[in-house]
Each structure stands twice: as C-alpha cells, then as structure tokens.
There are 2 protein chains.
Amino acid sequence: MGESMAAVTAPTGKAESILAAAQRTFLASGFGAVSMDAIAREAGASKATLYAYFSSKEELFGAVVAREGERYFRDFSAGELDPREVKASLLEIARRFLALVLSPDAIAVNRITIAEAVRFPQLGEVFWRAGPERTRAQIEGFLNRATEAGTLDIADARGAAEQFIALLRGDIHPRQLLRLDKPADAMELDAAATSAVDTFLRAFGK
Amino acid sequence: MGESMAAVTAPTGKAESILAAAQRTFLASGFGAVSMDAIAREAGASKATLYAYFSSKEELFGAVVAREGERYFRDFSAGELDPREVKASLLEIARRFLALVLSPDAIAVNRITIAEAVRFPQLGEVFWRAGPERTRAQIEGFLNRATEAGTLDIADARGAAEQFIALLRGDIHPRQLLRLDKPADAMELDAAATSAVDTFLRAFGK
DNA sequence: GTCTATACAGTGATAGAC
DNA sequence: GTCTATCACTGTATAGAC
C-alpha cells in the first residue's frame with residue numbers, strides 16, 4: 001500500500017490493464033475471495049508481472065480503491081444550481097447524489113472498503129475523502145447560498161448537509177450494501193429523492 | 001449454513017464455547033482472515049471437534065451472525081413510551097437506538113454482514129430482519145400512537161420511521177463502519193440524538 | 001519487462017486412536 | 001466426543017531463462 005495509493009493518475013499499457021483487471025475482479029468478489037492468479041489470468045499477464053508493478057496483493061488492492069473512489073465522485077457538483085429555485089435544485093442534487101451513490105460500482109467499492117476497514121485502516125480515509133466528504137462540501141455550499149438567498153432557514157449548514165445526505169441514503173443505501181435488493185431503477189431512485197426533499201423542506205423550508 | 005442458521009437458541013457445553021470463540025474471532029477480524037485453526041485454539045478445542053458440531057466454516061459463520069443479530073436487537077422496544085411527551089419519548093428512542101446500533105459489537109456484525117453479502121446472500125436477510133426491521137416496526141408503532149394522540153403530523157408512518165432512523169444514523173454510522181472514528185462516547189451519542197430529533201420535529205411536529 | 005516453473009506457508013477438512 | 005496427525009489443495013511470492 002502506502003506508495004502507490006497516491007498513484008491515482010492512470011498508468012499506461014500493462015500496468016493499466018492490470019489495474020483494470022484487478023478492479024473488475026475485486027469489485028465483483030471482494031479481497032479475500034480473489035487470488036493473484038485470477039487477476040493475472042484476467043489481465044492476460046503472469047503473476048510475476050503483477051508483482052513487478054505492485055509489490056503485494058494489498059498494495060494492488062489499495063491502488064484500485066483509491067482510483068475508483070476518485071473516479072466516481074470527481075464529477076459531483078452543485079455549483080451551478082439556482083438557490084432561488086430551492087425545491088427543483090434540491091431535487092436535482094438528490095438525483096445526482098443517488099445515481100452516484102447507488103450505482104453498482106460505487107456500492108461495490110463502498111462494500112469492500114467497509115469489509116477491509118479492519119485490515120486496511122487508511123482505506124476508509126481515502127474513500128471518505130474522495131466520496132462523502134466531497135459531496136457534503138458541495139451540498140453545504142448550496143445550502144449556504146440558499147440561506148443567503150432567503151429560501152432556506154438553516155443555522156448549521158454543515159449539519160444540515162449531513163442530514164440531507166442521511167435522508168437521501170434512507171434505507172435504500174444500507175439495503176444495497178447488504179445486497180437485499182437488486183440495483184435501484186430510475187423510478188425508485190426518483191421516489192427516494194422526492195421523499196427526502198419533501199421532509200428536508202418541511203424541516204428547513206420557509 | 002442453512003440448517004444451523006436457525007439454531008439461535010444457545011447450545012450448551014463445548015458447542016457453546018466454540019460459538020463464543022468463533023464470535024470473538026470473526027467479529028474481530030472478519031471471515032476471510034480467520035482460520036479454523038485460530039478458532040479451535042481460541043475455543044480450547046481441536047479442529048476435529050469444531051467439525052463435529054459445524055460441518056463447514058461457512059455454517060459456523062452463519063450461526064454466529066444469526067445469534068449475534070438476534071442478541072443485540074431483541075431488547076429494543078418503544079412500547080411503553082408516552083406519545084403525549086413526544087420530544088422526550090423520541091429522545092429516549094433515539095438514545096436507545098444509537099446505543100444499540102453504534103455498539104462496537106453491533107458495528108462489527110454489521111460490517112461483516114456487508115463484507116460477506118456477496119458470498120452469503122441469505123446472511124443480509126437474517127441480519128436485516130433481526131435488526132433494522134425490528135427497530136423500524138417499534139418506531140413506526142410509536143409514531144402511529146403519537147399521530148393518534150395528535151402530537152405528530154404524519155401521513156406515512158413507515159416512511160417517517162425510516163427517515164427518523166436515517167437521521168439517527170447520520171454520518172456517524174457509516175463512519176463507524178469504515179472505522180474512521182473510535183467508538184462514540186455518551187456525549188457524541190447524545191448530540192447525535194438531539195440533532196436528529198430536532199430536525200424530525202421541525203418536519204413532523206406541531 | 002515478461003514469461004514458466006516452483007518454493008513454501010497456510011488453509012479447510014478428515015482418518016483413526018482413545 | 002475429543003484428540004493428534006495428516007491429507008490434498010490453494011495461496012502468495014520468487015528464481016531464473018529469455
């Protein structure tokens with residue numbers, strides 16, 4: 001780990017195909033159930049080559065999580081939304097957030113990060129900063145602008161952002177982590193967004 | 001699995017000490033990182049004895065999760081709380097819920113259940129029914145009584161219960177799952193309860 | 001850098017004595 | 001029922017040829 005956990009920028013050629021193969025297999029089956037043999041096969045390389053790029057299975061795993069964490073949350077933004085149209089803007093934020101957080105890949109990364117939190121304590125930090133931390137900051141920014149615009153009544157924007165996110169997760173997110181439901185379709189996703197925004201506005205709207 | 005996943009009732013003697021040892025080791029390190037040798041050592045028994053009681057590592061693991069899931073949530077109740085004192089009662093529910101859900105052992109079971117959801121799909125169901133399902137039913141019952149008593153304004157009690165739980169989890173619960181914070185102390189727990197109840201009452205109080 | 005082949009440790013599971 | 005000893009196997013990791 002350590003060294004290449006920072007190597008989020010995509011390497012080229014063989015290293016890239018190894019990372020891609022590792023990503024597919026790890027996300028599908030977790031850490032323990034995957035062997036370096038399997039990854040080598042999937043990558044069309046030999047095990048020795050894997051070890052030429054990543055000095056251990058743990059390091060390869062760390063590199064995958066860091067990369068995926070970045071990739072999925074990089075694009076989340078709420079900067080251009082109009083704070084005067086609170087309800088519409090919150091709904092848009094809600095949909096973007098849920099589409100991101102409930103996507104099968106994001107769920108898989110989240111699941112594995114939780115699973116290996118004991119073995120790799122730093123992994124949780126990497127994931128949190130790349131994901132939840134970033135989305136919260138974006139939402140907090142919007143709430144501040146809405147408060148200034150006079151469309152919301154919020155004293156603690158950071159806390160309110162956390163609560164909005166909590167409402168959005170609802171029980172869909174935990175249930176997805178446990179694999180109790182198949183991936184949410186657009187309709188369920190919309191229903192969850194609407195219900196969360198309604199309650200949030202009942203609490204903080206004017 | 002299958003067979004003895006229903007055997008929640010505590011066996012006696014050796015079987016009990018094996019289950020207890022398996023619980024300690026699995027909760028501490030997860031499924032993949034624990035060997036049957038380690039459990040046998042911890043139980044003060046031989047591996048052969050383990051296999052006399054549980055026909056595979058998977059079955060032993062399933063028995064542990066079912067037992068722990070039951071154990072932690074069995075006592076959760078909101079039946080005796082006064083719906084006319086909404087705020088005080090909700091605060092009490094909140095404290096009980098958080099004390100339960102954020103306890104290190106419950107977190108550990110939750111974490112492992114998520115971790116192994118891919119390998120053991122039934123495990124998530126067992127956990128959900130023993131835990132979240134039960135707490136939600138209790139809270140939903142209280143919200144219904146409060147609505148009848150006229151102290152809350154709720155149309156969909158089930159949905160509101162889910163949202164209350166979501167607010168309670170906040171970001172403490174996900175952060176605990178990722179091992180980002182040390183176990184929450186009484187003060188943090190109280191702050192989380194208060195903040196969730198405040199927002200919930202802003203949305204559904206009168 | 002990349003391969004094949006292999007060393008070596010550790011795993012889940014079982015046979016057989018008591 | 002419980003133990004010791006051992007099985008067959010798979011895992012990570014490396015050596016050496018090209």
Side-chain angles (χ1 to χ4, degrees), chain A residues 1-5 7 9-65 112 115-116 118-120 123, chain B residues 1-5 7 9-65 112 115-116 118-120 123:
Chain A
M1 197 120 51
E3 197 64 48
S4 84
M5 285 226 342
T9 46
T12 45
K14 211 80 185 182
E16 172 59 32
S17 77
I18 290 174
L19 267 174
Q23 170 188 326
R24 283 193 298 276
T25 43
F26 279 138
L27 293 202
S29 313
F31 181 80
V34 166
S35 71
M36 290 296 258
D37 266 311
I39 297 174
R41 215 177 309 129
E42 177 84 12
S46 76
K47 267 194 296 185
T49 306
L50 262 64
Y51 282 97
Y53 286 93
F54 303 93
S55 66
S56 71
K57 185 183 174 185
E58 281 79 4
E59 180 175 329
L60 177 53
F61 180 63
V64 166
V65 170
I112 297 182
E116 303 301 330
V118 178
R119 210 186 318 212
F120 310 119
L123 219 58
Chain B
M1 196 119 53
E3 197 64 49
S4 84
M5 285 225 342
T9 47
T12 45
K14 210 82 184 184
E16 172 58 32
S17 79
I18 290 174
L19 267 174
Q23 171 188 326
R24 285 194 297 276
T25 43
F26 278 139
L27 294 202
S29 313
F31 182 80
V34 166
S35 71
M36 291 296 258
D37 268 310
I39 297 174
R41 214 178 308 127
E42 176 83 13
S46 75
K47 262 198 298 185
T49 306
L50 262 65
Y51 280 97
Y53 286 94
F54 304 93
S55 64
S56 72
K57 185 183 176 185
E58 280 79 3
E59 180 174 329
L60 177 55
F61 180 63
V64 166
V65 170
I112 297 182
E116 303 300 330
V118 179
R119 209 185 321 211
F120 310 118
L123 220 59

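Remember, it's a predicted structure, so these values are computed and weren't measured experimentally. Order of the sequence lines fixes the chain letters, A, B, ..., with proteins taken first and strands second; residue numbering starts at 1 for each chain. Scope of the values below: all heavy atoms of this structure, side chains included, with no hydrogens, waters or symmetry mates.
Across all non-hydrogen atoms, the minimal contact from Ala40(A) to Ser46(A) is CB-C, 3.9 Å.
Atom CG of Leu50(A) is separated from atom C1' of dG11(D) by 14 Å (rounded to the nearest Å). Rounded to whole angstrom, the span from the CD atom of Glu59(A) across to the P atom of dA13(D) amounts to 11 Å. In this structure, Lys47(B) atom NZ and dT6(D) atom P are separated by 13 Å, rounded to whole Å. In this structure, OH of Tyr51(B) is placed 19 Å from P of dT6(D), rounded to the nearest angstrom.
Taking a 4.0 Å limit (strictly below) on heavy-atom distances, residues 39-46 of chain B reaches DNA chain D at Gly44(B), Ala45(B), Ser46(B). Near DNA chain D, meaning a heavy atom under 4.0 Å away, the residues from residues 20-37 of chain A are Val34(A), Ser35(A), Met36(A), Asp37(A).
Considering CE of Met36(B) and CD1 of Ile18(B), their distance stands at 8.5 Å, rounded to 0.5 Å. Distance check: Leu50(A) CG to Lys14(A) NZ gives 10.0 Å after rounding to the nearest 0.5 Å. Taking OG of Ser17(A) as the start and OH of Tyr53(A) as the end, the distance is 8.5 Å to the nearest 0.5 Å. Put simply, OH on Tyr51(A) and CD on Glu59(A) are 11.0 Å apart, with the number rounded to the nearest 0.5 Å. Here CZ of Phe120(B) is found 11.0 Å from CD1 of Ile112(B). Values are rounded to the nearest 0.5 Å.
Once you apply a 4.0 Å limit to the heavy atoms of chain B, the touched nucleotides of DNA chain C run 5' to 3' over dT11(C) to dA15(C).
Counting only residues at least two apart or in different chains, salt bridge (Lys or Arg N to Asp or Glu O under 4.0 Å) contacts with residues 22-33 of chain A comprise Arg24(A)-Glu42(A).
Counting heavy atoms from C-beta outward, Leu123(B) and Phe61(B) have side chains that approach closer than 4.5 Å.
Annotation: side chain to side chain contact (heavy atoms under 4.5 Å, CB included) contacts of Ala22(B) (sequence neighbours excluded): Phe26(B), Ile39(B), Leu60(B), Val64(B).
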I'd like a table of donor-acceptor pairs (distance under 3.5 Å, sequence neighbours excluded) in which one partner is a side-chain atom from residues 27-34 of chain B, with atom names and distances.
none

